[in-house]
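Read the structure below first, then the notes.
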Amino acid sequence: MQEHLPDGGIIRKLWSGETDAYRDHLQRLDRDSRYRRFSGTVSDEVVARHAATATGLGVVVHGFFVDGLLRGAAELRLEGSVFTHEGEVAFSIEQPWQSHGVGTELLERTLLTARNRGITHLKMQCLANNERMQQLARKFEAGLSFDFGSVVGEVDPPPSSMLSLMREAINDNYGVASAMLEAQSRLFRPL
Ligand SMILES: CC(C)(COP(=O)(O)OP(=O)(O)OC[C@H]1O[C@@H](n2cnc3c(N)ncnc32)[C@H](O)[C@@H]1OP(=O)(O)O)[C@@H](O)C(=O)NCCC(=O)NCCS
């Protein structure tokens with residue numbers, strides 16, 4: 001299911017209690033990636049405060065894990081109240097794992113989740129010179145509109161269906177099973 005991901009990595013949703021792992025991942029981003037992720041320079045403290053809200057209501061983070069360490073993430077935030085139909089997504093992939101299809105897989109998962117949450121309008125904000133992010137958004141036929149040096153990619157996920165709900169549930173179960181297997185195999189790996 002996820003065989004094509006680099007280094008045997010897996011993608012699953014972040015669980016509550018994993019905000020420290022998210023903080024550490026965001027703080028490990030190289031300077032350029034951190035700048036692109038937050039559309040500007042942000043300190044470690046700001047990153048830590050941001051990560052602490054990652055498992056709150058209306059936030060779903062899909063993580064890309066390699067050997068149990070979070071190396072990439074797609075953060076979906078509902079905008080406004082929980083009854084809202086708009087959301088925003090932001091991506092962060094640590095440099096060695098960029099350009100290996102992780103962003104594509106994370107966006108696919110995020111779109112499915114957004115669809116199943118009734119989101120009809122999903123924004124992606126990125127700097128105008130972030131070609132890779134724009135290429136990624138284009139793969140999913142996002143309409144891009146330029147605004148003061150930043151790009152807002154707008155995607156309209158189709159409405160949820162029984163099949164899309166099932167696909168998300170299967171992904172979630174697969175994520176839990178993979179995480180358990182991976183943790184077990186690390187226990188038995190020679191030091
Ligand atoms: C932008 C980002 C999310 C893209 O994820 P990724 O895993 O590197 O991208 P993918 O490997 O899935 O590639 C997506 C598309 O981008 C294009 N692409 C890949 N590498 C590229 C490169 N080096 N230069 C230009 N375009 C590139 C390709 O069209 C690719 O699709 P394809 O392989 O089907 O042709 C990731 O690089 C990242 O986190 N960067 C730092 C933070 C950031 O920029 N966040 C975005 C703002 S929120």
Side-chain angles (χ1 to χ4, degrees), residues 1-14 18-19 21-44 46-54 56 58-67 69-79 86-114 119 121-157 171 175:
M1 205 171 186
Q2 307 187 22
E3 293 81 11
H4 55 288
L5 290 170
D7 297 331
I10 60 161
I11 287 180
R12 65 164 172 82
K13 284 179 191 153
L14 243 63
E18 287 190 308
T19 53
Y22 191 39
R23 176 202 59 208
D24 294 347
H25 154 66
L26 290 172
Q27 289 183 347
R28 269 195 305 270
L29 290 173
D30 62 280
R31 206 152 60 140
D32 182 59
S33 297
R34 191 195 286 203
Y35 188 85
R36 289 175 186 278
R37 163 61 180 81
F38 291 97
S39 295
T41 306
V42 289
S43 65
D44 279 354
V46 171
V47 168
R49 276 204 300 276
H50 177 86
T53 66
V59 189
V60 181
V61 180
H62 281 93
F64 165 67
F65 291 83
V66 178
D67 291 334
L69 266 185
L70 185 60
R71 295 299 190 179
E75 179 184 314
L76 171 68
R77 279 182 187 262
L78 299 186
E79 291 192 332
E86 296 199 354
E88 178 151 6
V89 61
F91 295 85
S92 49
I93 294 161
E94 293 177 34
Q95 207 272 331
W97 289 274
Q98 291 176 9
S99 296
H100 287 91
V102 178
T104 302
E105 185 72 27
L106 285 171
L107 180 52
E108 205 169 330
R109 298 295 186 93
T110 302
L111 285 174
L112 181 64
T113 298
I119 292 176
H121 197 68
L122 186 62
K123 282 193 281 179
M124 276 174 252
Q125 205 135 20
C126 76
L127 298 172
N129 64 1
N130 196 342
E131 226 174 88
R132 197 165 15 187
M133 186 64 231
Q134 291 167 41
Q135 280 297 113
L136 174 53
R138 280 195 195 103
K139 281 175 75 173
F140 293 85
E141 295 181 336
L144 295 172
S145 61
F146 288 81
D147 183 17
F148 303 114
S150 67
V151 178
V152 179
E154 298 182 344
V155 191
D156 295 318
N171 284 341

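Start at 1 and go down the list; that is how both ligands and their atoms are numbered. The analysis underlying the following values was restricted to heavy atoms, covering all of them including side chains, and did not include hydrogens, waters or symmetry mates. Numbers for residues simply follow the sequence, beginning at 1. Predicted, not measured: the structure shown is a model, and the values here were computed from it.
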Any donor and acceptor pair, going by atom type alone, linking the side chain of [X] with main-chain N or O of [Y] inside 3.5 Å?
| X | Y | value |
| --- | --- | --- |
| His25 | Ser92 | yes |
| Arg12 | Phe65 | no |
| Gln27 | Asp44 | yes |
| Arg34 | Val42 | yes |

For [atom], what's the nearest protein heavy-atom neighbour? Residue, atom name and distance, please.
| atom | result |
| --- | --- |
| atom 3 (C) of ligand 1 | Phe91 CB, 3.4 Å |
| atom 28 (C) of ligand 1 | Gln135 CB, 4.2 Å |
| atom 12 (O) of ligand 1 | Thr104 OG1, 2.5 Å |
| atom 47 (C) of ligand 1 | Arg36 O, 3.5 Å |
| atom 40 (N) of ligand 1 | Gln98 NE2, 3.6 Å |
| atom 21 (C) of ligand 1 | Arg132 CD, 3.5 Å |
| atom 20 (N) of ligand 1 | Ser99 OG, 2.8 Å |
| atom 2 (C) of ligand 1 | Ile93 CD1, 4.3 Å |

Do [X] and ligand 1 have an N or O pair less than 3.5 Å apart?
| X | result |
| --- | --- |
| Met133 | no |
| His100 | yes |
| Gly103 | yes |
| Arg37 | no |

Worksheet item: Roughly how far, to the nearest 0.5 Å, is the CG atom of Leu107 from the NZ atom of Lys139?
Response: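 Between atom NZ of Lys139 and atom CG of Leu107 there are 9.0 Å.
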Fill in: Atom pair CG/CD of Leu106 and Glu75 - distance to nearest 0.5 Å
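Rounded to the nearest 0.5 Å, the CG-CD separation comes to 12.0 Å.
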Report the part of [X] (side chain from C-beta onward, or backbone N, CA, C, O) that has a heavy atom under 4.0 Å from ligand 1; answer both or neither where that applies.
| X | value |
| --- | --- |
| Asn130 | side chain |
| Ser92 | backbone |
| Lys139 | side chain |
| Gln125 | backbone |

Worksheet item: Between Glu94 and Arg71, does a salt bridge (Lys or Arg N to Asp or Glu O under 4.0 Å) hold up when you go through it step by step?
Response: CA-CA 6 Å; Glu94 293 177 34; Arg71 295 299 190 179; 2.7 Å; yes
Worksheet item: Hey, which atoms in ligand 1 end up nearer than 4.0 Å to a heavy atom of Gly101?
Response: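 Once the distances to Gly101 are compared, the set is 10 (P), 11 (O), 12 (O).
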Fill in: Atom indices of ligand 1, in the order listed, that fall short of 4.0 Å to a heavy atom of Ser33
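Matching atoms, with element in brackets: 41 (C), 42 (C).
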Could you tell me which non-hydrogen atom of [X] sits nearest to which non-hydrogen atom of [Y], and how far apart they are?
| X | Y | answer |
| --- | --- | --- |
| Gln125 | Ser39 | O-OG, 4.5 Å |
| Ala21 | Leu70 | O-CD2, 3.8 Å |
| Asp30 | Gln98 | OD1-NE2, 4.5 Å |

Worksheet item: Any protein heavy atom sitting closer than 4.0 Å to atom 35 (O) of ligand 1?
Response: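 Protein heavy atoms within 4.0 Å of atom 35 (O) of ligand 1 - there are none.
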Discussion item. Would you say atom 8 (O) of ligand 1 makes contact with the protein, given that contact here means a non-hydrogen protein atom less than 4.0 Å away?
Written reply: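 Yes; the ligand atom in question has protein heavy-atom contact below 4.0 Å.
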Item to complete: May I have the step-by-step check of salt bridge (Lys or Arg N to Asp or Glu O under 4.0 Å) for Arg28 and Asp24, ending in yes or no?
Response: CA-CA 6 Å; Arg28 269 195 305 270; Asp24 294 347; 5.2 Å; no
Worksheet entry | Sub-4.0 Å heavy-atom approach of Arg34 to ligand 1 |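 So Arg34 does not count as touching ligand 1.
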